[in-house]
Amino acid sequence: LSILCGSVQAIALSQRDFREIASLVENRKMSDEKKVTAAILKLGKSDHNEAVPLLLEVLKSAPRASGNNEAERLTKTLGGRLSLAALESLGQLGPKAAEAVPFLLSENFFLIKGGYTSKNKPLRMATINTLLKIGKPAVPQVVEMLSMPNGRNHFRWQWWGKEILQQMA
């Protein structure tokens, strides 16, 4: 985990290094969790153009919670821990992770049915932190979410959206 120390500075990954990292991430269920987590975090410091799609793959494959108790349990699973690492890496990429914003704000991830925010508080907070680090590229979609008709945009999301925009300003 020495990768985590020091400043966040883009590193050039050779094609071979990237393939090794991608293989670890793609086979995450059969690999050592510490190695996979370190690989995911290394992607956040990478300048490789396939880093964001690979991180999105991690997020899309993780199970989702439908209730508070389930959300707490899922955060402690391998998929939950790797999701938090993937969000951290997307945040480290900053504006280069702009292509991830639609998924991060989708009803499949940050929002749940009816326009409420995810019940998984660690995931919700990490997502907000990631959006803040992505910065300006996220603003139009956050504004769009705030503009949803009341039937799909409940108070909790309005509060979080305003919080995100205030911190981005």
Side-chain angles (χ1 to χ4, degrees), residues 1-13 17-18 21-22 24-26 28 31 33-65 71-72 74-112 117-146 156-169:
L1 293 175
S2 61
I3 303 164
L4 305 176
C5 301
S7 65
V8 176
Q9 195 171 14
I11 55 173
L13 291 176
D17 289 343
F18 183 80
I21 289 172
L24 267 175
V25 173
E26 288 166 357
R28 59 192 164 278
S31 301
E33 182 179 347
K34 287 182 181 181
K35 287 181 182 178
V36 175
T37 302
I40 288 171
L41 293 171
K42 192 171 186 178
L43 288 172
K45 297 177 185 178
S46 160
D47 61 356
H48 199 282
N49 61 352
E50 290 298 315
V52 174
L54 195 53
L55 293 168
L56 283 173
E57 180 186 315
V58 172
L59 294 174
K60 289 175 182 176
S61 68
R64 297 287 159 249
E72 293 302 316
L74 285 177
T75 303
K76 296 173 183 162
T77 66
L78 175 63
R81 290 188 300 271
L82 295 181
S83 288
L84 294 174
L87 285 166
E88 184 178 331
S89 284
L90 287 169
Q92 287 178 345
L93 290 169
K96 291 188 284 184
E99 70 183 270
V101 173
F103 176 75
L104 295 178
L105 292 175
S106 72
E107 285 192 17
N108 297 321
F109 191 71
F110 187 71
L111 295 179
I112 57 174
T117 54
S118 168
K119 294 192 180 295
N120 186 331
K121 185 176 179 182
L123 180 78
R124 183 176 63 229
M125 298 307 293
T127 301
I128 289 167
N129 207 23
T130 299
L131 290 167
L132 290 170
K133 290 177 180 176
I134 291 172
K136 284 186 179 184
V139 170
Q141 287 153 346
V142 171
V143 169
E144 182 181 325
M145 292 296 292
L146 286 170
R156 288 186 191 111
W157 169 243
Q158 289 175 341
W159 187 89
W160 285 116
K162 288 176 185 172
E163 183 70 18
I164 292 168
L165 291 175
Q166 284 175 348
Q167 290 189 35
M168 285 179 171

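Residues: numbered from 1 along the sequence shown.
Residues passing the side-chain contact (heavy atoms from CB on, under 4.5 Å) test with Ala98, sequence neighbours excluded: Pro137. In this structure, Glu57 has no side-chain hydrogen bond (donor to acceptor under 3.5 Å, both in side chains) partners at least two apart in sequence or on a different chain. For Glu33, the salt bridge (charged side-chain N to carboxylate O under 4.0 Å, His left out) test picks out Arg81, with sequence neighbours left out.
Here OG of Ser46 is found 12.5 Å from CG of Leu41. Values are rounded to the nearest 0.5 Å. Remark: Leu54 CG to Ile40 CD1 distance equals 8.0 Å, nearest 0.5 Å. In this structure, Leu131 CG and Gln141 CD are separated by 9.0 Å, a value rounded to the nearest 0.5 Å. Rounded to the nearest 0.5 Å, atoms NZ (Lys133) and CD (Glu88) are 6.5 Å apart. Here the straight-line distance linking atom CD1 of Ile128 with atom CG of Leu104 works out to 11.0 Å at 0.5 Å rounding. Here CG of Leu123 is found 6.5 Å from CG of Leu84. Values are rounded to the nearest 0.5 Å.
Heavy-atom minimum distance, Ala97 versus Leu93: CB-CB, 4.0 Å. Closest of all the heavy-atom pairs between Pro53 and Glu99 is CG-OE1, 3.8 Å.
Counting heavy atoms from C-beta outward, Val36 and Val58 have side chains that stay 4.5 Å or more apart. The side-chain heavy atoms of Leu55 and Leu59, taken from C-beta on, include no pair separated by under 4.5 Å.
Thr130 contributes a side-chain N or O that, together with a main-chain N or O of Leu87, makes up a donor-acceptor pair within less than 3.5 Å. Side chain of Thr37 to main chain of Lys34: no donor-acceptor pair is present (N/O by atom type, distance under 3.5 Å, no hydrogens or angles).
Considering Val139, Leu90, Ile134 as possible partners of Val101, the one that fulfils the side-chain contact (heavy atoms from CB on, under 4.5 Å) test is Ile134.
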